[in-house]
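Taking it in order: structure first as structure tokens, then the write-up.
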Amino acid sequence: MIEKLSDILIVTDIDGTLLREKLGISKENLAAIKRFIDKGGHFTVSTGRAIDVTGKVLTGIPINAPSIHINGGYLYDWEKKKILEPNYLSPNAKKYCREITRKFPFCDCHFAAEKAVNLMTSGNVLKKYIPEDELNYFDSEYEDIPDNVYKFIICCDPGDMNELRQYAESVCGGDVLLIQSSEFFLEMLPLENSKGKALEKLCEIAGIPLENSVAVGDFENDIEMIRIAGLGAAVDNAQDVVKKAADIVLPSCEENAIAHLIGFLEEMYE
């Protein structure tokens, strides 16, 4: 039961939710987060990014609870600088990705193991969507990929995604979880992975009732987290299916969505 702001845990997606597409975090969002934390609130993020890249994009943004990474692949304790609750993919995923990239040679494939994002292909498509300095090239074969992989990501232009996803589903045969985290990213995750399950673990570790959590997102990979949180919110730029899953719809990420959410919570619990 929420009685005051210090009872609340806010967990927000990063891209398309917390951060604006080209301008990063707004001064309004940053001020609201600092105010919320000063009042005892708990604030963190849930993202498909690995911790090293997350640290770069969140520079200057306060985080005072473990964060969720790789769409539930692990939690990260910022104070102890330690990965918590790691969850690795089946080794079969290497074979699936090899078949997919043979069928669709125009796509890119990369994987996340520990902190590194490693690219198996040319990167020509991926460079359209994320900075090249976030990539490390894996100069070897699929069979040589380590077993401690959290996820594979297939990247293609949005117009090719439906065909690629249908083929990937036929290849993987229900052995892994396939989910889109953007219009150009198809992620291959362990079946038991999700931001929602990771939120449950996070609340358990932090000693905060799940009913006191507030989750915010914009894309398919955020839906389960939004549904199981005590209060689920979608930004106005979210997919329609995400908005339908949410309890409330906030302004878009370009219009200080997180600041609006914190203002809403302040009105309710102060």
Side-chain angles (χ1 to χ4, degrees), residues 13-16 21 47-50 52-54 69-73 87-195 217-224 237-242:
D13 175 57
I14 295 179
D15 300 291
E21 182 177 0
T47 177
R49 295 171 179 261
D52 54 342
V53 179
T54 302
H69 297 270
I70 317 292
N71 289 320
N87 191 19
Y88 301 118
L89 259 174
S90 163
N92 290 334
K94 304 175 193 180
K95 177 182 66 176
Y96 303 147
C97 286
R98 182 178 57 200
E99 292 186 30
I100 293 167
T101 53
R102 284 176 176 172
K103 174 72 172 179
F104 298 93
F106 53 80
C107 71
D108 276 327
C109 178
H110 58 119
F111 67 92
E114 295 303 331
K115 296 183 180 180
V117 175
N118 304 278
L119 197 66
M120 297 294 304
T121 46
S122 67
N124 292 333
V125 179
L126 192 59
K127 291 171 192 173
K128 298 178 184 178
Y129 304 109
I130 68 173
E132 187 174 1
D133 62 6
E134 293 185 8
L135 303 176
N136 297 306
Y137 286 85
F138 186 75
D139 189 19
S140 193
E141 302 299 324
Y142 278 94
E143 293 78 7
D144 300 319
I145 296 173
D147 289 335
N148 59 340
V149 170
Y150 294 107
K151 71 174 178 180
F152 281 92
I153 308 172
I154 311 296
C155 177
C156 68
D157 289 324
D160 298 315
M161 180 56 76
N162 285 341
E163 183 183 2
L164 187 148
R165 183 167 185 172
Q166 288 178 9
Y167 182 77
E169 288 172 348
S170 68
V171 166
C172 297
D175 187 37
V176 296
L177 175 66
L178 292 170
I179 192 166
Q180 278 186 248
S181 56
S182 78
E183 60 181 355
F184 45 82
F185 278 162
L186 179 65
E187 305 206 4
M188 186 181 296
L189 303 163
L191 282 175
E192 61 273 23
N193 252 43
S194 73
K195 287 187 176 184
D218 72 317
F219 220 84
E220 175 185 338
N221 59 322
D222 298 313
I223 290 175
E224 184 179 335
N237 53 285
Q239 294 176 299
D240 287 341
V241 66
V242 181

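For the single chain, residues carry numbers from 1 onward in sequence order.
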### Message
Applying salt bridge (charged side-chain N to carboxylate O under 4.0 Å, His left out), can you list everything that pairs with Lys195, at least two apart in sequence or on another chain?
### Response
Asp13, Asp222
### Task
Apply salt bridge (charged side-chain N to carboxylate O under 4.0 Å, His left out) to Lys95 and list each qualifying residue two or more places apart in sequence or on a separate chain.
none
### Query
Is the side chain of Asp108 donor-acceptor paired with the backbone N or O of Thr121 at a distance under 3.5 Å, no angle test?
no
### Message
Can you give me the closest heavy-atom contact between Asn237 and Gly16, atom names plus distance?
### Response
ND2-O, 2.9 Å
### Nearest non-hydrogen partners of Cys97 and Met188, listed with the distance
SG-CE, 3.7 Å
### Task
Return the set of residues passing side-chain hydrogen bond (donor to acceptor under 3.5 Å, both in side chains) with Glu187 (not counting sequence neighbours), or none when no residue passes.
Asn71, Lys151, Ser181
### Task
Just jot down the ring pair (Phe, Tyr, Trp, His ring centres under 6.0 Å) partners of Tyr142, sequence neighbours excluded, or say none.
none
### Task
With the side chain counted from C-beta on, respond yes when Met161 and Glu183 share a heavy-atom pair under 4.5 Å apart, and no when they do not.
no
### Query
What distance do Leu89 atom CG and Asn193 atom CG have between them, rounded to the nearest 0.5 Å?
7.5 Å
### Query
Who passes side-chain hydrogen bond (donor to acceptor under 3.5 Å, both in side chains) against Asp240, sequence neighbours left out?
none
### Task
Decide yes or no for His69 and Thr47: does some side-chain heavy atom of the first lie under 4.5 Å from some side-chain heavy atom of the second?
yes
### Query
With sequence neighbours excluded, what pairs up with Phe152 under the ring pair (Phe, Tyr, Trp, His ring centres under 6.0 Å) test?
Phe111
### Task
Decide yes or no for Asp15 and Arg49: does some side-chain heavy atom of the first lie under 4.5 Å from some side-chain heavy atom of the second?
yes
### Message
If you compare all heavy atoms of Asn124 against all heavy atoms of Lys128, which two are closest, and at what distance to 0.1 Å?
### Response
O-CG, 3.9 Å
### Task
Please tell me if the side chains of Met120 and Ile145 come closer than 4.5 Å, counting only heavy atoms from C-beta onward.
yes
### Summary
For Asp139, the side chain to side chain contact (heavy atoms under 4.5 Å, CB included) test, sequence neighbours excluded, returns none
Tell me which donor-acceptor pairs under 3.5 Å the side chains of residues 167-178 have, and how far apart each pair is, sequence neighbours excluded?
{"residue": "Glu169", "atom": "OE2", "partner": "Arg165", "partner atom": "NE", "Å": "3.4"}
{"residue": "Ser170", "atom": "OG", "partner": "Tyr167", "partner atom": "O", "Å": "2.6"}
{"residue": "Asp175", "atom": "OD2", "partner": "Asn92", "partner atom": "ND2", "Å": "3.4"}
{"residue": "Asp175", "atom": "OD2", "partner": "Tyr96", "partner atom": "OH", "Å": "2.7"}

### Query
By salt bridge (charged side-chain N to carboxylate O under 4.0 Å, His left out), which residues pair with Glu21, not counting sequence neighbours?
none
### Distance, nearest 0.5 Å, that separates CD1 of Ile153 from CG of Leu189
8.5 Å
### Query
Is there a side-chain contact between Asp157 and Tyr129 (heavy atoms, below 4.5 Å)?
yes
### Query
Atom CG in Asn87, atom CG in Asn148: separation rounded to 0.5 Å?
12.5 Å
### Task
Report yes if the side chains of Leu126 and Phe185 come closer than 4.5 Å at any heavy-atom pair, otherwise no.
yes
#### Entry: Tyr88 versus Asp147, closest heavy-atom pair with distance
CB-O, 4.2 Å
#### Entry: Close side-chain approach of Cys107 to Leu164, heavy-atom, < 4.5 Å
yes
### Heavy-atom closest pair, residues Pro146 and Lys94
O-CE, 3.9 Å
### Summary
Lys103 meets the side-chain hydrogen bond (donor to acceptor under 3.5 Å, both in side chains) criterion, sequence neighbours left out, with none
### Spacing of CZ belonging to Phe106 relative to CG belonging to Asp160, to within rounding of 0.5 Å
4.0 Å
### Task
With rounding to the nearest 0.5 Å, note down the distance linking CG in Leu186 to SG in Cys156.
7.5 Å
### Message
According to salt bridge (charged side-chain N to carboxylate O under 4.0 Å, His left out), who are the partners of Asp144, at least two apart in sequence or on a separate chain?
### Response
none
### Query
Mind checking what makes side-chain hydrogen bond (donor to acceptor under 3.5 Å, both in side chains) contact with Glu141, not counting sequence neighbours?
none
### Query
Any donor and acceptor pair, going by atom type alone, linking the side chain of Asn118 with main-chain N or O of Phe138 inside 3.5 Å?
no
### Query
Closest heavy-atom contact between Glu220 and Gln239?
N-OE1, 2.8 Å
